[in-house]
Amino acid sequence: ISIDTLNKWNKKLPLTVDTNNFQINYGNLEPTFIDLFSNYLINIAGETNWSHNLFYSEKTYKPIGTMMPFLVYGNVGMNKDLKERHGFKLFENLFDYSWEDECNDIKRIEKLIAECDTLAERLDKYSYKDKVDIIMLQNKDIIIHNYETLLKATRLTRQQLITINL
């Protein structure tokens, strides 16, 4: 990562993509985690296991279950695997997923950061309302498809999905 990139990110700090109250685990409070997720338009699911297998955890399934656009950072090819093997649709109008073909973990995350920067720069000129339109409304069919695919895969009802902690 270049010094310019670090300085650019540093100007945005402090950036809280959570709540400042760390005494409470909001992830275990229903439907609070949905409320917390609803403050953001995109979720970057950082998977824990990068050990040469494609394992998806609640980190991947939460944004699908809360009906928001997402991308997964983990092992090589995880997003493409979600599409090709599991039937989920990707947000290819928002992201260029070529970054995830990089085998070197450090280079892959640098490419992911660059891709996120590209999207942020593209959206910078829009109002929040227009960003919602671009991200959520224009991707409504994909969001609904992914949600229904998750429901089918887990055999849960919508009500059960809302009331469990993924």
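Since this is a predicted model, take the numbers as computed values, not measurements. Every heavy atom of this structure was used, including side-chain atoms; hydrogens, water molecules and symmetry mates were not.
- Partner of F95 under the side-chain contact (heavy atoms from CB on, under 4.5 Å) criterion, out of L90, N79, T118, I42: I42 alone.
- In summary, E102 and K107 do not engage in a salt bridge, as defined by a charged side-chain N under 4.0 Å from a carboxylate O.
- Using a 4.5 Å heavy-atom cutoff, the side chains of I144 and M67 are in contact.
- The main-chain N or O of M68 is never found under 3.5 Å from a side-chain atom of T66 such that the two would form a donor-acceptor pair.
- Inter-residue side-chain proximity for D101 and K80 is flagged as met; some heavy-atom pair is nearer than 4.5 Å.
- With no hydrogens or angles considered, a side-chain donor-acceptor pair links Y56 and D81 at under 3.5 Å.
- How far CG of N104 is from NZ of K111: 9.0 Å, rounded to the nearest 0.5 Å.
- Cluster annotation: I113 and I106 are assigned to distinct hydrophobic clusters (Ile/Leu/Val/Met/Phe/Trp/Tyr, side-chain heavy-atom contacts under 4.5 Å, transitive).
- H145 places a side-chain N or O within donor-acceptor distance of the main-chain N or O of G87, the cut-off being under 3.5 Å.
- Annotation: the span from K129 atom NZ to S127 atom OG amounts to 7.0 Å, rounded to 0.5 Å.
- Of all the heavy atoms in K125 and R122, the pair that sits closest is CE-O, 3.8 Å.
- Using a 4.0 Å cut-off between a side-chain N of Lys or Arg and a carboxylate O of Asp or Glu, K89 and D141 do not qualify as a salt bridge.
- Between L41 and I135, the shortest heavy-atom contact is O-CG2, 3.5 Å.
- I134 is not listed as a side-chain neighbour of N139, based on a closest heavy-atom distance of 4.5 Å or more.
- In this structure, P69 and I143 have side chains that are in contact, with non-hydrogen atoms separated by less than 4.5 Å.
- Criterion: ILVMFWY side-chain heavy atoms under 4.5 Å apart, direct or through other members. Under it, F55 and M78 are not part of a common hydrophobic cluster.
- Counting heavy atoms from C-beta on, the side chains of Y73 and E47 never come closer than 4.5 Å.
- Side-chain atoms of R108 come within 3.5 Å of backbone N or O of G74 as a donor-acceptor pair.
- Atom OG of residue S57 and atom NZ of residue K62 lie 9.0 Å apart, to the nearest 0.5 angstrom.
- Counting heavy atoms from C-beta on, the side chains of F70 and V72 come closer than 4.5 Å.
- Between F91 and Y97, the ring center distance fails the sub-6.0 Å criterion.
- Note: F88 and Y61 have tilted aromatic rings, judged against thresholds of 30 and 60 degrees for the angle between ring planes.
- Around the CG atom of L137, the shell of radius 6.0 Å holds more than 12 heavy atoms that belong to other residues, nucleotides or ligands.
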Could you check D133 against Y126 for side chain to side chain contact (heavy atoms under 4.5 Å, CB included), going step by step and ending with a plain yes or no? CA-CA 10 Å; D133 181 50; Y126 296 105; over 6 Å; no
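- No side-chain heavy atom of E100 sits under 4.5 Å from any side-chain heavy atom of V76.
- From L119, atom CG reaches atom CG of D96 across 11.5 Å, with rounding to the nearest 0.5 Å.
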Residue pair K83, E92: steps toward the side chain to side chain contact (heavy atoms under 4.5 Å, CB included) verdict: CA-CA 11 Å; K83 178 182 178 180; E92 297 174 274; 3.2 Å; yes
